[in-house]
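A note on names: the letters A, B, ... follow the listed sequences, proteins ahead of strands, and every chain is numbered from 1. Side-chain atoms are counted along with the backbone in the values below, which use heavy atoms only and exclude waters and symmetry mates.
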2 protein chains.
Amino acid sequence: MKGKIFIIEDEASIIQLVQLNLEKEGFIVASSLNGNEGLKELKKFEPNLLLLDWMLPDLSGIDVCKNIRKDNNFKNLPIIMLTAKGEEEDKIKGLESGVDDYITKPFSFNELSARIKAVLRRSDPNIVANDLIFEDLKLDRIEKRVFRDEKEIQLGPTEFRLLEFFLTNPKRVYSRDQILETVWPNNINVESRTIDVHIRRLRQSINIKDKKELIRTVRSSGYSLV
Amino acid sequence: MKGKIFIIEDEASIIQLVQLNLEKEGFIVASSLNGNEGLKELKKFEPNLLLLDWMLPDLSGIDVCKNIRKDNNFKNLPIIMLTAKGEEEDKIKGLESGVDDYITKPFSFNELSARIKAVLRRSDPNIVANDLIFEDLKLDRIEKRVFRDEKEIQLGPTEFRLLEFFLTNPKRVYSRDQILETVWPNNINVESRTIDVHIRRLRQSINIKDKKELIRTVRSSGYSLV
DNA sequence: TCTTAATGTTACAGAAATATTACAAATTAA
DNA sequence: TTAATTTGTAATATTTCTGTAACATTAAGA
């Protein structure tokens, strides 16, 4: 689970609880305590899913929602609304503002987690899939194994994460910065050229004689899986 | 696992979650959203175990429980009570109304599943698989014995639980944290390195000369049985 | 073609993760 | 109680991985 989740919610304790648990499941999480700031940060963060509180100090959840749907880049961002019990549930249910699901507080983390995965399974299947497959390449997240052409390949931890990252979005070109942000543990600073070396190592491991190169270099932009 | 489990619980989302997962494990599941109807259907369904919510719209969990115990056909039906956190835990604990176990929401499905099996193992041993088998390794939960290649192996209690844990999900890689959470008694704090030592002990016991290593180390991720 | 910036390649030292060992404290059996 | 077993940890050894620097190669524009 390498997806990014953004939380807009004014109760810090809820954020903390949810964030901690989501991170334990491998998600990358960022959050904001109010709507306006949240909107700004969210667009920088580019999450795969948004957890949005219904009642916010400045904007209402609906306002945030509308704003997001107006933005072409986030038209399809999956949103799960968090509401207090009884809090105008009907309105939300009926609401056609493009909420993908909603959940009433207090909720168990398991319930939330299940819904997040259900929503992601629809919108972004690779994020929750156990097996990532691309052509003759297969990565098993549960058993932590990688195969090319049925044959198992040994990868170091970083190369594994790197490949996992590419596999969630094959063909897409990622800049070194993007790779760094997602593949490396938070707050770690490494030289951007370091990525080149890991790309090299990954290439060496997954390439088979007589088979085409799987990682494409896009000069001045980054790398991608092809 | 071919037992039948009945659920009485008013939150549909919980039923859904639990039912789905139990069915995945091979149980046959039926459910009801309230007490009176539940009692009727339960008696038709004849489950091997009942999951019973403490707070129901009509009857309380206790009422349901008493009713069941009065019925000769269900005097011994194992019951696991579901309670919300803090919700009169003490009452239930002290309660001699014949509840076999109870679990507080929010719970993880794994926790629930483990308790269900523990209760069934006592009441209805044939329903639960008592022998865990993987290749030439066999673990008998009832007699607490382990065999490799027909030959019995002596394990300390911790190594036994550790192996039992790996056997419930062979091949899957578990992090040290996950192992700790599941294999060690709750709320006990042990150094995460301690696991390495127990892994070593387990390896030493179950490995046979000329046979392949059974425990795989996955650097930066954990261990698994292979 | 030459120049330059970007990427590829290599080797290596230090870091990080895991394995192993020994031992004292805790627990259980006798 | 004593003896035997089991446990957790700390210390040490070993293995594997990582990041960087230095040098090589390539691509693209002047």
E159(A) side chain, from C-beta outward: closest of dA27(D), dT18(D), dA10(D):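 Selected nucleotide (nearest to the side chain): dT18(D).
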
From dG19(D), dA19(C), dT21(C), nucleotide with atom closest to R200(B) side chain: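 Per side-chain heavy atoms of R200(B), the pick is dT21(C).
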
NA contact type, [X], heavy-atom cut-off 4.0 Å: base, sugar-phosphate, or nothing?
X	result
T194(A)	base
Y223(B)	sugar-phosphate
Q154(B)	nothing
R201(A)	base

Between K75(B) and N72(B): side-chain donor-acceptor atoms closer than 3.5 Å: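 Judged by distance alone, the side chains do pair up.
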
Y223(A) side chain to R176(A) side chain, donor-acceptor N/O pair below 3.5 angstrom: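 Yes, a side-chain donor-acceptor pair sits under 3.5 Å.
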
Check the phosphate of [N] against [X], side-chain N and O only, distance under 4.0 Å to OP1 or OP2. Yes or no?
X	N	answer
W184(A)	dT18(D)	no
S220(A)	dA5(C)	no
T158(A)	dT18(D)	yes
R193(B)	dA10(D)	no

Charged tip of K4(A) within 45° of F45(A) ring normal and under 6.0 Å: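 Pair K4(A)/F45(A) counts as cation-pi.
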
Student check: side-chain heavy atoms of E159(A) and Q154(A) closer than 4.5 Å: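 Side chain of E159(A) against side chain of Q154(A), heavy atoms only: no contact under 4.5 Å found.
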
Contact nearer the 5' end of DNA chain D, comparing S192(A) with L155(A):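 The residue mapped nearer the 5' terminus is L155(A).
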
